[in-house]
Every structure is written in C-alpha cells, then in structure tokens.
Amino acid sequence: MQIQYKPKRNLLQTILHSEIMQGMAFTLKQLFAKPITRQYPQEKPEIKLGFRGQHALVRDQETGQSKCVACMRCVTVCPSRCIHIRFHEDEDKGSRVVDSYDIEALRCVYCGFCEEVCPVNALILTEIFEYAAYDRESIFFDQERLLANWDAFAAMKGVAINSYINPFWRPRGIPESVLTAAKRLDVPEEWTIEGQVVGNLVKQDQ
Amino acid sequence: MHVLILLIEILILFAIIMLHVAYATYFERKIIGHMQVRMGPMRVGWHGLLQPIADGIKSFFKEDIVPEQADVVTFRAAPIICLTAMLTSLAVLPFAKGWVLADINIGLLFIFAMSSLASYGVILAGWASNSKYTFLGGLRSMAQVISYEVAMGLSLVGVMMLSGTLNLTKIVEAQGGSFAGMYVFPQIIAFFVFFISMLAETNRVPFDLPEAETELVSGYCTEYSGMRYAIFFMAEYIGMMVMSSIGTICFLGGWNGPFEVAVFPPFWFVVKVYLFMFVFIWIRATLPRYRYDQLMSIGWKVLIPLALGNIVLTGFIKAFTG
Amino acid sequence: MESMEIAEKLQDHFPGEVLEICDFHGQVGVIVKRDRIVDILRWLRDTPEIKMDHFMDLCGVDNKKRLGGNLLRFEVVYNLYSIPLRHSIRIRAQVPENDACIDTATGLWCGANWHERECYDLMGISFNGHPDMRRILLPDDWVGHPLRKEYPLKGREEWSGLVELKHKVVELQEFGLSDGTLRTEAEQSQTEGNEKS
Amino acid sequence: MTRPISKTVNVPVADGDGERYTLKMGPQHPATHGVLRVDLELDGETIIKCSPQVGYLHRGFDKIAENRTYAQSLILTDRLDYIAAMANNVGYCVAVEKLLGISVPLRAKYIRTIVCEMSRIASHLLWLATHALDIGAMTVFLYCFREREVMLDLFEELCGARLTFSYPRIGGVRQDVTRSFIDVLQQFVAEFPVHIGEYETLIDTNRIWLKRTVGIGVLSAAEALELGLTGACLRGSGVDYDIRKHRPYDAYDLVDFEVPLSNDGDIYARYRCRMEELHQSARIIQQCIDQLPPGPIISEDAPDLVMPLQGQRKVEAGSSTYGTGLIRLLEEHGQYPVGDIYVSTEVPKGELGFYFISDGSGRPYRMHVRSPSFIHIGALPALAEGSMIADLIANIGTLDVVLGECDR
C-alpha cells in the first residue's frame with residue numbers, strides 16, 4: 001500500500017498559516033481539558049492483580065510458618081540466581097526442613113518464574129512496589145523478612161487475604177489437570193478454561 | 001531629593017519585575033502543563049504557587065561551578081551583562097501615562113541598543129565557557145540576533161513614520177484611545193514581521209536555536225549552574241517582557257483600553273503584555289523548531305523584504321493621505 | 001525456489017568450495033570453505049533467479065565444543081534472504097583456529113560492516129579488507145574475545161579502565177572528595193569483614 | 001547497487017579550508033536516546049564525518065544465554081528493546097518453538113498477535129513522542145505518552161509487569177486474557193484513530209515539521225537494502241519487506257492488513273509509514289479480538305520451566321547452589337534436536353532475528369541476536385554525513401533506535 005500524503009498547502013493557506021493555526025487551536029482546546037496527571041505519593045496507582053512486586057513467603061495460617069518444602073524448583077529456575085535456600089533432611093518425617101531462605105532482591109528481575117513453578121504456593125511477588133531503601137542490606141530478604149512482607153501485604157489487602165489468588169498461582173486459562181494440588185484454587189469462572197473470553201465472530205459461529 | 005525618589009522608583013520597579021519574572025515562569029509552566037494535559041507545578045504551596053520562590057532559593061544555594069578551562073572573568077560577567085542590559089531597557093517603558101522612569105525622546109532606539117547589548121552576554125557566555133556546545137550556541141545566537149535585529153528595526157520604521165516620533169509615550173498617544181486607532185491595523189505586515197522577530201530575539205520556540213535542548217544540550221548556558229544560570233533565565237524572561245511591552249506600545253495602543261481603571265492605570269498595559277506572553281507560551285507548546293539555516297533564510301529572505309516593502313507602502317500611503 | 005535447489009546450484013557452481021549441505025527444519029545451511037566466500041556471496045546476490053538481496057545476519061560461531069562433523073574451530077554464518085523471490089539460505093564458512101580471518105563482505109553489502117566488527121570483537125575472527133576493523137561493543141583495550149568457548153562466563157579480570165577508576169576513587173577518598181561508591185573489591189571485603197567481626 | 005555509500009560531502013567552505021573540530025555527542029545527551037555516542041567532525045555546523053560509538057550498554061546476552069536454558073533466557077529478551085519487550089518475547093518464543101518443533105495453540109497465536117501489535121503501538125508512540133521532541137514539538141510527546149500509558153496498564157493487567165513482561169512462554173502464553181482486558185482494548189482501538197488525528201494536527205502538515213523532515217536523510221531503495229535496514233526505515237524507501245507478510249508467524253496469516261510503503265525515503269516518508277502502521281496495528285488488534293477462538297493457551301508439549309518433581313535430581317542437603325537439577329536433567333533427557341536455525345520476526349523497530357545452534361543439551365550452544373537497532377545505528381553515517389547537527393538529531397530519531405537492543 002502506497003502512502004497517501006496530504007495535499008500541499010496553497011498560497012492562501014501559506015499566508016494565513018492555516019495549518020499552524022489548526023495546531024494552535026488544538027493546543028488551546030487541550031488547555032481546558034482535564035489533566036491526566038496522577039499526584040503520585042498521595043494518589044496511588046491502581047495495582048492489578050498478579051503484579052510482580054516485592055517478594056514474600058506466604059505464612060501458613062495453621063502453622064504460622066512458611067509453606068516452603070525446599071523442593072528447590074524456584075532456585076533452579078531463577079534466571080538471575082538470586083534465591084538461596086539451605087535445608088536439611090528431617091530423618092523422622094522424611095521431609096526437608098528449610099534452614100534459611102534468602103532472596104537478594106537487588107538481583108531479582110521480577111520475572112515471576114519462581115512463583116510460577118512453586119508447587120505449594122509458598123512464594124509470591126506481592127503488589128507492594130515501594131520499598132526502596134538507602135542501603136543494600138535492607139533489600140536483602142531472609143526468611144523472617146519475607147514472612148513479614150507477607151504480613152504487611154496481608155494487612156494491606158485486608159480481610160480478602162484468605163481468598164487472595166495470584167494469577168501466577170492459578171493461571172488464567174490453564175486447565176486444572178496440569179496444576180499441582182495446591183495450585184488448584186477456586187477462581188472466578190472467567191479464569192477457567194471453560195469461561196474463556198472469545199471473539200465476536202467466534203461467538204456468532206457457535 | 002529628586003535622585004532619592006528616582007532610586008526608590010527604580011527599586012520598586014526592580015522588585016516588581018523580579019516578582020514578575022518569578023511568576024512568569026510559573027505562568028509558563030502552568031499553561032504549558034495544561035496544554036499538555038498535565039498539571040504543571042503542584043507541590044509547593046497551593047497549586048504550586050510558591051514554586052518560583054522555592055526555585056529561586058534553590059538556585060541561590062546551588063554550587064556555582066566554573067569550568068576549569070573557562071575564561072573566569074568573562075564567564076562570571078556574561079550573565080550580569082545580559083541581566084543589566086535587559087533591566088536597563090525597562091527604564092524607558094511607559095507603563096501608563098506618566099508611569100515611566102526616563103521619558104527620553106529616543107526610547108525605541110535605546111531599547112534596540114540594549115537588547116543588542118544583551119546578546120553580547122550570550123555570545124560571551126558561549127565563548128567563555130570553553131565548551132563546544134556553548135560555543136555553537138553563542139555562534140547561533142550571534143547570527144540570529146544580527147539578522148533579526150535588522151528585521152525588527154525595519155518593521156518598526158512604519159510605526160515611527162505614522163507616529164512621527166521615537167518617544168514611546170508619544171507613540172502610544174499617537175494611536176489615540178480608540179480601538180481602531182491601534183497601529184496593528186494599518187501596520188499588519190509590520191506587526192507580523194515584528195512578532196516573528198520578537199520570537200527570534202528572545203530565543204523562543206520555534207527559534208530557540210541558541211539553547212536548543214535536543215541539539216546543543218542547553219546551548220550557551222550549558223556550563224552554567226546555580227545563580228548564574230538563574231540570571232540568564234531572568235534575563236530571558238525580562239527580555240520577553242520588554243519585547244511584549246514594545247509590541248503593546250507600538251501596535252496595541254499601550255495603556256489605553258476600553259475603559260479607565262482608576263486605581264491601577266497600567267491595567268490594560270499589563271493585560272496586553274500578558275496576552276503577548278500567553279501567545280509566546282502557546283507557540284512554544286505547539287510548534288517544532290526550525291533548523292539554523294532555515295531560520296537565517298526566513299530572516300533574510302522573507303522578513304527583511306517584507307519589512308522594507310512595508311516601509312515603502314507606508315511611505316506611499318502617508319504621502320497620498322497626508 | 002526451494003532453498004535446497006539453491007544449495008545444489010551453489011554446489012554445481014562452486015564444486016570445490018561446498019563441503020556439506022545440511023537441512024534442519026526446512027532451513028538449509030551450506031558449509032563452505034572460506035577462501036572464495038566473497039565470490040559465493042556475490043554469486044548468490046547477483047544471479048537473477050536467486051537474487052539474495054537482503055543480508056539478514058552474520059555471526060561467528062566457536063565450534064570448539066560442538067558435536068559431530070569435521071568442522072574447523074570457527075565458522076562465520078551468513079543468513080541471506082531474497083525479498084522479491086522470498087527464499088533464504090545460510091552459508092557457513094569454516095575458519096581455522098590458527099589463522100582466524102576471512103574476507104569481508106562489506107564490498108557487497110555495506111550493512112555487513114558492523115556485523116563483522118561485532119564478530120571480530122566478540123569472537124576474534126578478523127575480516128580482511130574491512131574498512132574499520134576495530135572493537136565495537138567492548139572497550140578498545142579489552143583483552144580476549146568473550147564468545148569463545150574457553151572464555152569464562154564470569155570474565156577474566158577487571159577491565160583496565162575500571163581498575164584505573166577505582167584507584168582514582170581511592171585517591172579521592174583520601175582527600176575526602178568521594179563517598180567511595182566504587183570501592184575496590186579488596187577494600188569492600190575488608191570492610192565487610194570488619195562489620196562481621 | 002554495489003556502490004559504497006559515502007555521499008559526496010558538499011561543505012560550504014568560507015575562506016581557506018575551514019577549521020574542523022570534533023564534537024563528541026553523547027553518551028549523555030538529550031537526543032541520543034540512551035547511551036549512544038556519536039563522534040562528529042564538524043565544519044561549523046556541517047557534519048563532515050560521523051561515527052557512532054556503541055557498547056555502553058553491552059551485557060553479553062549471547063554469552064549469558066549459552067549458560068541458561070531456553071526458558072530462562074526469555075527474560076533476557078525483555079531487556080533488548082525495552083520499549084516493546086512483548087514483541088521481543090514473542091520473537092524469541094517463535095524462534096525457540098521452531099527450533100524445538102513445538103506447535104502453538106490457535107488461541108495463544110491470536111493472543112500473541114494482539115500483544116505484539118499492542119507493543120508496536122506502544123513503541124511507535126514512544127518513537128513519535130521522542131522524534132517530535134527532538135525536532136522541538138514538545139507537546140506531541142505528552143499526548144503520545146497518554147495513550148502509551150493505556151497500553152502499559154493493559155500489559156500490567158495481563159501479566160503483572162509494565163515493562164519487562166516475560167509473558168509468552170515457549171509453546172504458548174502464560175495467562176489468558178480477561179474480559180476487562182478485551183473491553184478496554186476494544187475501546188482503545190476504536191478511539192485510537194482519533195488520537196492519531198490529534199498528533200497529525202500538530203505536526204503532519206506543519207510547515208516547520210515539513211521543512212525539518214522532507215528531503216532530509218534520503219535513502220534510495222538500493223541504499224537502504226545495502227545498509228541492511230529493515231522495518232519502517234526500509235519500507236519508507238519503497239521496499240516491500242514485512243516479515244509478517246513474507247514469513248508469517250503467529251496469527252498474521254489469518255488477519256488482513258496492509259504494509260504501508262513510500263518511495264520518497266526521507267524522514268517524512270518514514271514518519272508517514274509509521275503513522276500508517278499505527279492504523280494497521282489497530283486494525284489487526286480489532287480483527288484478532290473478533291476472531292479470538294476458545295481453546296488452550298499453551299501447547300501440551302511445551303517444555304516446563306523446570307522438570308517435573310518426580311524427575312528432579314536429588315539435591316544435596318545443605319547446598320545452596322543453583323541449577324544443579326535442571327541443567328543436568330535436560331542434558332540427560334536428550335529431548336532437544338541438534339541443528340541450527342535462524343528465525344526472525346517483525347518487531348516495531350525492524351527485523352529481530354534469533355540464530356540458535358542447538359547441540360541437544362537444554363541450553364543453546366550459541367545464540368545470536370540480530371537486532372535492528374544495531375544495524376540502524378550503523379547506517380547513521382550514511383544518513384547524516386554532509387548535513388547539519390540539527391538533521392543528525394532528526395536522523396537519529398527517524399531510525400528509531402533503542403540502545404538496549406543495539407548493545408545487547
């Protein structure tokens with residue numbers, strides 16, 4: 001497709017500067033339009049569900065501890081290699097016990113791979129995005145910090161935290177069969193594979 | 001005693017002008033902000049009203065950096081030259097009948113002289129900083145001022161011919177109190193030329209080449225910081241105001257308006273000046289920037305011939321109508 | 001034209017040059033000797049029924065740990081495409097380790113200039129007749145070619161420019177002119193050690 | 001066609017041979033779009049020699065990728081062209097899918113097409129914004145950002161990030177679209193031509209804009225081809241090369257759109273091409289929304305980010321090392337084909353190509369990124385030599401370069 005150019009201006013338009021006047025009229029009109037500015041610190045942006053912000057370890061309501069089972073999947077997948085877990089095997093139960101769980105948040109690239117692969121929904125990137133600090137140490141998260149982050153996030157979200165679903169825990173449009181048991185959460189109908197949004201033309205065909 | 005009164009008058013004018021400069025920046029930022037669907041300054045004071053004050057305080061306390069390779073004396077003097085020249089030209093501006101510091105007979109010429117002098121500040125700043133960007137900015141400014149000074153001077157010749165004087169007060173009086181008497185109607189070509197040259201003289205968009213930000217970083221004041229930078233800024237805004245005032249005096253009938261405002265005689269003058277300033281800002285919000293050679297060719301090939309033609313035309317009309 | 005046909009034609013035309021033709025997922029790669037690479041490329045570009053006019057990509061490959069084949073140490077891979085005829089081909093020119101150089105393609109496509117500079121910079125294959133054979137992404141005084149397989153992922157030592165800068169910071173710190181944002185590693189570990197103890 | 005492009009420089013020398021001097025523009029300069037440095041040799045304001053210097057943002061993607069799995073390297077592509085990361089993500093996934101022989105479900109293809117075109121809109125808006133700002137029209141800048149913001153908000157809703165998306169997965173996409181996403185997008189697409197009209201009011205016929213763009217930075221079709229330009233820069237010179245049409249990927253062969261071309265080859269032609277592409281992108285999105293089919297969003301044979309739990313190699317207690325399981329496993333697994341492949345996609349800037357050599361391990365033996373910005377900056381001397389400083393700025397703007405992509 002060849003581009004169509006607008007016609008060249010004629011002499012009268014040149015003398016009257018009509019195209020410049022049009023532009024001026026437009027900016028003048030915008031002078032009275034409503035500004036789109038958001039006065040940020042006072043007016044927080046609306047954070048969408050599933051935002052990949054500060055890290056947190058979900059506190060298990062029953063035990064009060066982290067849900068992590070030290071499967072090392074998050075460590076394995078992390079592309080920036082910022083998660084470090086130390087654990088030991090509990091001989092009696094045959095399960096792993098987490099000794100330390102550290103995230104170097106300054107190395108993190110917030111890809112969300114860790115919460116995606118976590119089989120038990122233990123790790124989450126919360127919707128908190130303001131946690132800048134003046135020193136590196138305060139953005140190095142150990143297990144206590146991560147659990148505290150979760151508490152802060154829970155307080156921010158309020159009562160709804162029990163039913164909090166991160167799309168990374170239960171991705172929209174993924175069938176239940178491919179998810180681990182802990183990830184098979186109840187989600188809005190729209191998120192299931194049956195409740196998908198389809199296009200108008202497809203709708204008519206059906 | 002007379003000198004004392006004069007000094008007090010100067011001080012008052014100086015204070016008012018400085019306040020004006022401060023709030024002209026605020027005015028500009030607000031207008032441009034809203035034209036760009038944002039808000040402009042909002043933080044300091046109610047709707048950012050104290051922002052200019054905060055800016056002033058900030059620039060006073062910022063470090064005054066002098067580049068190692070700079071010519072220190074000239075580098076320090078350049079902003080002062082700019083500001084002094086601009087401030088001096090305020091002396092002959094009649095804000096209302098009798099509201100003028102020095103009612104001299106060659107007011108118009110005096111203002112031209114001063115605004116040309118101010119460009120020395122810019123050129124010296126560009127040279128003395130010993131940086132390539134500032135140097136280019138200085139060169140551009142020099143070329144620009146030389147070409148547009150001519151066009152502007154010629155455009156005002158028509159006004160001089162009609163009024164028969166160079167005294168600014170008398171030019172206003174020659175236009176009479178009525179709306180139809182304003183020289184903008186008989187001198188429409190001159191007004192057009194004057195307006196374009198005015199933009200170029202004050203380095204405003206679309207002729208802001210000496211400080212074209214995306215090309216020369218900040219042009220002639222790239223190396224300046226703190227108060228010295230602020231002085232350039234002040235000079236620019238005073239320059240805008242002086243040019244607007246000349247426009248008001250020569251073409252829009254000065255302080256005359258539809259009705260008298262007894263409490264504050266310069267009311268209409270201020271309104272008209274701010275109208276000019278608004279158009280300055282409005283243009284800045286709308287137009288792209290010319291290239292250096294295009295700017296020169298407009299100056300020499302369009303504006304100067306137009307202004308000369310206008311003189312001839314005015315002369316003919318004057319000769320035939322008496 | 002199918003890519004395979006082009007490859008066969010190429011083999012007919014340059015019988016001594018083509019070493020092997022490989023096909024993977026419908027993409028044909030022709031392994032050639034490096035000596036007449038410019039002729040091959042010119043032939044591909046100028047033959048009317050082939051007309052490879054778009055030089056898509058050039059990159060260097062280190063075959064040191066690559067499996068199979070009797071490949072030489074390096075190869076330079078040219079990806080060509082014909083915009084009017086919509087077919088593509090890949091030429092893989094073999095470059096030996098002891099004489100890592102090949103003729104430049106800048107005479108055919110001047111867009112190859114930066115590709116070749118990048119290849120030289122990161123892989124260490126130099127191009128004969130290139131107008132401006134300098135490093136492009138790395139500093140001029142960098143030592144080594146990072147994309148070679150023997151180059152460690154972490155890099156070898158600090159770049160000399162950074163070392164210099166760090167020394168400068170230390171010097172400035174002595175006069176209280178710097179906050180020490182760029183401390184040398186030794187210093188850093190020392191202070192960390194102090195904090196721990 | 002083989003003539004080397006070094007335009008004859010007609011420098012107006014005043015007296016004698018004129019004193020030349022060098023100006024190092026950048027890497028910190030308002031108009032060099034990041035950390036590009038251009039070494040200029042000037043005579044007055046005329047550029048006699050222009051040599052761009054890049055590499056300030058070099059991170060060694062090729063080397064990093066050799067030590068990551070295919071899935072992990074996805075995050076690197078976010079950081080190529082960070083203005084339109086989604087298009088890079090998709091391009092990367094398309095390339096890896098071709099290499100591994102994975103087919104993508106139709107719904108995922110449509111969703112990818114939508115996000116690709118959204119990122120094209122986002123990228124072109126930013127290009128227009130900065131290009132106009134470079135030439136001095138500062139208001140267009142903010143109007144463009146107003147609309148770009150809508151795009152970023154939508155991306156945030158879709159995948160939880162505003163710039164570094166990592167949204168597509170090899171074999172599909174990460175998450176399905178929601179009703180609210182589609183509704184907002186639909187409304188945006190319907191209104192978008194009006195907004196394009198607004199930008200055009202300010203600059204399209206403006207005499208200053210025309211003076212600054214028409215006849216500046218002219219490249220003929222042969223020159224543009226020889227320089228290896230792609231995208232709107234090539235189409236502005238009249239070469240009909242759009243990978244979406246030539247080698248369709250995702251759902252581009254299922255939607256109807258046109259490729260804008262111009263024969264003028266100057267800055268204005270490229271500007272018009274991109275403006276027209278904005279219209280076409282809106283059209284593609286509209287069609288994709290209309291045709292969006294139901295179905296899975298990720299292929300069943302898509303590689304997992306990590307291998308299944310039961311297959312996990314036992315990790316030594318107490319170790320805090322990374323990657324122990326994954327990389328070994330994939331090597332043992334031997335599910336990857338051996339071969340090399342070059343796949344390119346049409347990203348907003350031009351042709352983004354990935355050249356992979358796979359040796360059957362889970363990691364690429366060699367990954368090479370053919371980034372359009374790298375080639376475009378290489379073409380800068382051909383455009384700028386002999387013109388003035390102000391034109392150089394306009395030329396950098398019209399090439400639409402992102403230094404993250406150039407330096408990789």
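What's counted below: heavy atoms across the whole structure, side chains too, no hydrogens, waters or symmetry copies. Chain letters run A, B, ... following the sequence lines, proteins first and then strands; every chain starts at 1.
A side-chain donor-acceptor contact under 3.5 Å links D/Glu157 and D/Ser180.
Using bins of under 30°, 30° to 60° and over 60° for the plane-to-plane angle, the ring pair D/Phe155/D/Phe165 lands in the tilted bin.
Of the listed residues (D/Leu158, D/Ile297, D/Ile208), the greatest number of heavy-atom pairs within a distance under 4.5 Å of chain A belongs to D/Ile297. If you tally non-hydrogen atom pairs under 4.5 Å between each of D/Asn263, D/Val173, D/Leu76 and chain A, the highest count goes to D/Asn263. Contact count versus chain D (heavy atoms, under 4.5 Å) is highest, among A/Phe129, A/Trp191, A/Phe168, for A/Phe168. Considering only heavy-atom pairs separated by less than 4.5 Å from chain D, the leading option among A/Gly50, A/Pro188, A/Pro167 is A/Pro167. Heavy-atom pairs under 4.5 Å with chain A were tallied for D/Cys159, D/Gly295, D/Gly160; the largest tally goes to D/Gly160. Here D/Thr178 is the residue among D/Thr139, D/Thr178, D/Ile64, D/Ile289 with the most heavy-atom pairs under 4.5 Å with chain A.
With a 4.5 Å cut-off on non-hydrogen atoms, D/Asp78 does not touch chain A at all. For a residue to count as touching a neighbouring chain, one of its non-hydrogen atoms must lie under 4.5 Å from one of that chain's; by this rule D/Tyr143 touches chain A with the side chain only. When heavy atoms are compared at a cutoff of 4.5 Å, D/Glu276 approaches chain A solely by way of its side chain, counted from C-beta outward. Interface remark: D/Arg235 contributes no atoms to any contact with chain A (heavy atom separation under 4.5 Å). For A/Leu125, no part lies near chain D; criterion is any non-hydrogen pair under 4.5 Å. With a threshold of 4.5 angstrom between heavy atoms, A/Glu190 approaches chain D through side-chain atoms but not through N, CA, C or O. Neither the backbone nor the side chain of D/Ile203 comes within contact range of chain A; no heavy atoms are under 4.5 Å apart. Residue contact with chain A, scored on non-hydrogen atoms closer than 4.5 Å, involves the backbone and the side chain of D/Glu198 alike. Looking at A/Glu46, only its backbone comes within 4.5 Å of chain D, counting heavy atoms on both sides.
The six-membered or imidazole ring of A/His84 lies away from that of A/Tyr101, with a centre-to-centre distance of 6.0 Å or more. Aromatic rings from D/Tyr92 and D/Tyr70 are positioned such that their centres are separated by 6.0 Å or more. Ring to ring, A/Tyr164 and A/Phe153 are close: their centroids are under 6.0 angstrom apart.
A salt bridge links A/Glu116 with D/Arg174: at least one charged nitrogen is closer than 4.0 Å to a carboxylate oxygen. We find that D/Glu156 and D/Arg162 are joined by a salt bridge, their nearest charged nitrogen and carboxylate oxygen being less than 4.0 Å apart. Using a 4.0 Å cut-off between a side-chain N of Lys or Arg and a carboxylate O of Asp or Glu, D/Asp204 and D/Arg272 qualify as a salt bridge. With salt bridges taken as basic N to acidic carboxylate O contacts below 4.0 Å, none links D/Asp240 and D/Lys245.
Not one N or O on the side chain of D/Gln286 forms a donor-acceptor pair closer than 3.5 Å with the backbone of D/Ala190.
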